Amino acid sequence: MARFLRPLLRGTTYTRLLHLWVPMLLTSVWILVSPETPYAPALVLIPVGLIPAVRIGEGVQAQLLLTAGKQDSGISVAPSATWRDRGRTVLWLEARMALGWVTSFACVWLPVIAFELIESARGRVPDDVWVLKEASPSGWYAFLAPLPLIALYAIVVGLGKVATSLARTLLGPSRAERLAAMEERTEQLLERNRIARELHDSIGHALTVAVVQAGAARAAGDPEFTERALGAIEETGRAALEDLERVLGVLREAERPVSSRPTLTDADRLWESARASGAKVDAEVTGPVETVPGPVSREGYRILQEALTNVLRHAGSVPVRVRIRVADGTLDLEVRNPLTAAIPGPGRGSGLRGIRERAALLGGRAHTGPDAGDWQVHAELPLG
C-alpha cells in the first residue's frame, strides 16, 4: 500500500500535473470567448510550433516540470534546426494539449462523481446530480465511491509519465545534436588520452634519465662525471616539471589555451639528454622539419622521446641511430639500437602501445620490434 501511494509524495507528480494544466488556461479563456470553436487553439499551435525558438521554451518547461530540472533528462533546450525538429515540436504541442484535456476532465469530474456516489449512499440526491440522476439512493454506492478516486490517481500519475516519455521522444536531441554531443565526448576522451600520454612520456623520460645518470655517477666515482650527471638530472627534471605544470594548468582551466608544446625543432634536447646519460646518439635530420604541421611535429617529438626513453631504460649506454626525414608528404622517424636480452618483445608496455596509438590517430603507422639484429622504432606520419 505504501508503495502504491508513494507517487503522491513526490513533487514531480504535481509539477507534471501543472505542466499539463498550463495550456488549458488559455484554452479555457478561448472557450469562454468563442464556445462554438473549441478546436481553434489546437489549430493555432501548428504555426506556433514551426517557430524555432518555441522548442527552447517547451524544452525548458519540460525539463523543469517533468524531470525536476535534471540536466541529463534527455530533453533538448535548443531551437529547432531542421524541419524535422519543427514537426516534432508541433506534435509535442498537440499531444500536450490532448493530455491536458484528459487530465483537466479527470480532475474536475472524477471527484464530482465520487461525491455524488457518497451522497447517494447517504440517501441524499442533490438537484444537480449528474451521474446518478436516474438512480435511486442506495447504501451500495458507498463501495463504488473510491473507484473514481483510484481512476483519478491512475490518470494523474500515468499521464504524467506518458507526458515525460513523449517529451523525451519529441523534444529530445535531434540527430545533429546527438552527433555534436558524441563528437564533443570523443574530443574529451581523446584529450584525456593525450594528457595521459604526455605525462607518461615526459615524466617517464625524466625519471629514466635521472635513474641512469645517478647509477652511472655512483659507478664512475669521478667527481667531474658526477657533476655532469647532476647537471643532466637537473635539466631533465626542470623540463619535466614544466611539462607537468603545463598539463595540470590545462586540467584546471578548460578554456585556457594550451601552451607551446615541444616539437621536432626541439629534438636536439632529446639526444643531448640521452648522450648525457651515456648513450651514443647518431642523429640525422633530412628535410624541412620546421614546415611539419604542429600536431604532427608535436606527436613526432613524443614518439622520439618515448623511443629514446626505452633505449635508456632497457639497453643502457649503447649506440643509437636516430633518423628524421621529411619528404613526399610524410614524416619518417626511425630509432635503432643494438638488440639486447633486456629489451621487451613487441606489443609489451604502455609506452610502445602509446607510440602506435599516436601514429594511428594521425592516420599513420608505427612498428616496434626486432629488425636485422637491432631494436627498431619506425613511424610514418602523413603531413596532410
Side-chain angles (χ1 to χ4, degrees), residues 197-198 200-243 262-286 289 297 299-325 331-346 348-356 358 366-379:
R197 288 195 299 267
E198 288 282 314
H200 173 273
D201 293 348
S202 179
I203 306 302
H205 175 76
L207 291 178
T208 299
V209 170
V211 170
V212 171
Q213 291 280 11
R218 176 188 295 176
D222 182 355
E224 184 178 349
F225 181 86
T226 301
E227 184 69 21
R228 291 199 305 271
L230 290 175
I233 292 174
E234 180 183 6
E235 180 181 353
T236 305
R238 184 179 295 110
L241 286 175
E242 291 175 358
D243 282 346
T263 63
L264 288 176
T265 58
D266 306 309
D268 288 350
R269 74 183 194 182
L270 287 179
W271 38 80
E272 289 301 327
S273 176
R275 286 166 181 160
S277 299
K280 304 173 181 61
V281 180
D282 174 21
E284 178 182 328
V285 179
T286 306
V289 176
S297 187
E299 296 303 314
Y301 178 93
R302 293 305 186 189
I303 289 174
L304 289 179
Q305 185 180 56
E306 179 59 32
L308 290 173
T309 300
N310 281 337
V311 173
L312 295 175
R313 180 181 297 141
H314 300 292
S317 302
V318 296
V320 184
R321 296 194 302 276
V322 179
R323 299 291 181 266
I324 302 175
R325 181 173 177 269
L331 171 64
D332 191 87
L333 304 173
E334 184 181 43
V335 178
R336 302 178 71 96
N337 63 274
L339 187 62
T340 66
I343 297 180
R348 295 177 57 189
S350 59
L352 299 180
R353 184 174 64 249
I355 289 175
R356 292 189 290 270
R358 287 179 186 275
H367 168 74
T368 60
D371 181 73
D374 291 336
W375 177 264
Q376 178 196 52
V377 172
H378 185 205

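Numbers here simply count residues along the sequence, with the first being 1. This is a predicted model, so every value here is computed, not measured.
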Quiz item: Are any non-hydrogen side-chain atoms of W271 and K280 less than 4.5 angstrom apart?
Solution: no
Quiz item: Hey, are the side chains of H378 and V335 touching, using non-hydrogen atoms and a 4.5 Å cut-off?
Solution: no
Practice problem: For V318, check side chain to side chain contact (heavy atoms under 4.5 Å, CB included) against everything at least two apart and list the hits. | Solution: V311, A315, V320, N337, P338
Quiz item: Under 3.5 Å, side chain of N310 to main-chain N/O of A307, donor-acceptor pair present?
Solution: no
Practice problem: Sequence neighbours left out, what passes salt bridge (charged side-chain N to carboxylate O under 4.0 Å, His left out) with D371? Give chain and number order. | Solution: R336
Self-check item: Partners meeting salt bridge (charged side-chain N to carboxylate O under 4.0 Å, His left out) with D282 (sequence neighbours left out)
Solution: R323
Quiz prompt | For the student: nearest non-hydrogen atoms of R275 and V281, plus distance | solution = NH2-O, 2.9 Å
Practice problem: For S297 and L264, indicate whether the former's side chain and the latter's backbone hold a donor-acceptor pair under 3.5 Å. | Solution: yes
Practice problem: State, to 0.1 Å, how close A366 and R356 come at their nearest heavy-atom pair, and which atoms those are. | Solution: O-CG, 3.9 Å
Quiz prompt | From R358 atom CZ to R353 atom CZ, the distance as rounded to the nearest 0.5 Å | solution = 12.5 Å
Practice problem: Could you tell me the separation between the CD1 atom of I355 and the OG1 atom of T368, rounded to the nearest 0.5 Å? | Solution: 6.5 Å
Practice problem: Decide, yes or no, whether a salt bridge links R302 with E299 under the criterion of side-chain N to carboxylate O below 4.0 Å. | Solution: no
Quiz item: Taking the side chain as C-beta and beyond, is there a heavy-atom pair between H367 and Q376 under 4.5 Å?
Solution: yes
Quiz item: Going by heavy atoms in the side chains, are E306 and V377 under 4.5 Å from each other?
Solution: no
Exercise. Applying side chain to side chain contact (heavy atoms under 4.5 Å, CB included) between V322 and each of L333, L270, L304, V285, report the one that passes.
Key: L304
Practice problem: Supply the atom-to-atom distance L339 CG to W375 CH2, rounded to the nearest 0.5 angstrom. | Solution: 7.5 Å
